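Structure, as structure tokens:
Lettering follows sequence order; numbering is per chain, from 1. A quick note: this is a predicted structure, and the numbers were derived from the prediction, not measured.
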Amino acid sequence: MEYRPDVCMEEGCPVCGDKVSGYHYGLLTCESCKGFFKRTVQNNKKYICAEYQECWIDKSQRKRCPFCRFQKCLHVGMRLEAVRADRMRGGRNKFGPMYKRDRALKQQRHLALTEATGGLSCSPPLVSSALHRDLAFTGGLLPGITLPTAQSDCISYQYSLHPNSSTPAPTHYQCTSFSDWAIKLERSNNCGASSEGSVVGVPPLVQEFLRCDPDELQLQRKVSAHLMEHQTGWEDHDNPSTFSLMCHMADQTLISIVEWARSSIFFKQLKVGDQMKLLQSCWSDLLLLDLISRQVLYGREGRLLLVTGQEIELADIASHVGPTLASLIQRGQELVGKLDIIKVDRQEFACIKFLILFNPDVKELDGHQLIESVQEQVEGALLEYTLVTSSHLLGRFAGLLLCVSELRVLSSLAEEYLCYKHLSAEVPCNSLLIEMLYAKCNWD
DNA sequence: GTAGCCTTGATC
DNA sequence: GATCAAGGCTAC
């Protein structure tokens, strides 16, 4: 394989986003963070953060808070043990093979991406570089002018959120090839389907749940179109932060979840009051399930696939967020890993959605009996389906229920985080997320 | 204290 | 001998 050193150097420093100069103390970093890390460790420096130990570190602000800079160095994986106690110069350390593996991996990823995008990746698809732009890693997350189409194999992004802006978009980023993604979708959609449209071995109720499920590509187009249509209306004076964009994205996903529920079997039979109570009780579970199922069904390892079809390196996100969100992402990743190992399919995810929605534990339900009965039917259908598809008898079913419990814990933590961000005025106004959050609080 | 460039030396 | 990741030097 031809070795291309530039592939590794294209990425920004994981600490500050500056130009990488090589592997230093365990990973690719820039020269200044290398020097900073060395000075700190060699001289056993102790820093104090003047604020809340969550200072943003980028190229322009890295000098402001050495405490947070050093914390970030450690967080992204710089290794203390790579700083030599004896100060011996030259030579290699024990990380040599690790650097080699990392290089090979990056090279492999680059080639895979080049192939997936039909050799169009002349400029690197590094959303990570865009993440370094501002405190809330703005940019690169709104689909630009080019929406994925069958003709366009490459999804472009621009820095500039305003098409008429005089500032030229400095870089185009590429994302997952649309055709590659579509192939994955098609494969997933057709799993087990017979030519008549019924599915062999799949209980009729599960088939009905699957029929209610929104089409992923339609959802992607809808959310992307909405974000592009409304981007000029947000924070006219400034670019919206990435967190704010994520909120808009989540809002749109939530709207699609409500639409899904309203048009679904059983739910349509409920009184509006009960419908509201059920949705208010589980909106965050469903939102998180939507995100997680997307990773399991269509995502790639180490990346976060957004509802718009864009992908972000998880390592990049983790290195740009505070400890609370980083821990949430970590747990989410672990859950995706668990579901990935047991290869949960669309049928099972469809059942889980109904299982979450029809929660008889919700208080003051008029149609409590009906909801309890639906929950039993869903459980029965899921159990039947897992028994048909898995040889592990009850193990798979029990495993899925355990994952649902973990998902509920995570969504509750995510709600707390959202609440905190809302109190810090970082969530956009008129957010459906906040409306749901408040509805739940008042109702609880 | 920072950060860019230089020197060193084990490994390939 | 080339490479490259350590530590060192020094202008700012």
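- In this structure, A/E31 atom CD and C/dG7 atom C1' are separated by 11 Å, rounded to whole Å.
- What separates CZ of A/R87 from P of C/dA6 is a distance of 15 Å, to the nearest Å.
- Projected onto DNA chain B by closest heavy-atom contact, A/K45 and A/G91 fall at different nucleotides, the more 5' of which corresponds to A/K45.
- Taking only side-chain nitrogens and oxygens, A/Y25 comes nearer than 4.0 Å to OP1 or OP2 of C/dG7.
- Looking only at atom types and distance, the side chain of A/T40 has a donor-acceptor partner in the side chain of A/Y47 under 3.5 Å away.
- The distance from atom CZ of A/R39 to atom C1' of B/dA3 is 7 Å, rounded to the nearest whole Å.
- Put simply, CE on A/M78 is 11 Å from P on C/dG7, counting in whole angstrom units.
- Of the residues listed (A/L289, A/V336, A/V307), the one engaging A/R294 in a side chain to side chain contact (heavy atoms under 4.5 Å, CB included) is A/V307, and it is the only one.
- One atom, CG of A/N44, and another, C1' of B/dG1, lie 16 Å apart when rounded to the nearest Å.
- Taking the charged nitrogens against the carboxylate oxygens, A/K338 and A/E406 have no contact shorter than 4.0 Å, which rules out a salt bridge.
- Residue A/L80 contributes atom CG, which lies 12 Å from atom P of C/dG7 at whole-angstrom precision.
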Evaluation steps, side-chain hydrogen bond (donor to acceptor under 3.5 Å, both in side chains), between A/Q330 and A/E334: CA-CA 6 Å; A/Q330 173 68 28; A/E334 285 165 9; 3.0 Å; yes
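- Atom CZ of A/R69 is separated from atom C1' of B/dT2 by 8 Å (rounded to the nearest Å).
- Base contact: A/R92 has a heavy atom under 4.0 Å from a base atom.
- Which of B/dT2, C/dC9, B/dA3 sits closest to the side chain of A/S32 comes down to B/dA3.
- Nearest to the side-chain atoms of A/Y99 among the listed nucleotides C/dG7, B/dC5, C/dA5 stands C/dA5.
- Using a 4.0 Å heavy-atom cutoff across all strands shown, A/R62 reaches sugar-phosphate atoms only and no base atom.
- For the pair A/Y23 OH and B/dA10 P, the computed distance is 23 Å after rounding to whole Å.
- Each of A/K34 and A/K63 has a nearest nucleotide on DNA chain B; the 5'-most of these lies closest to A/K63.
- A salt bridge does not link A/R346 to A/E216: none of the charged side-chain nitrogens sits closer than 4.0 Å to a carboxylate oxygen.
- Residue A/R84 places its side chain closer to C/dA6 than to any other of B/dC5, C/dA6, B/dA3.
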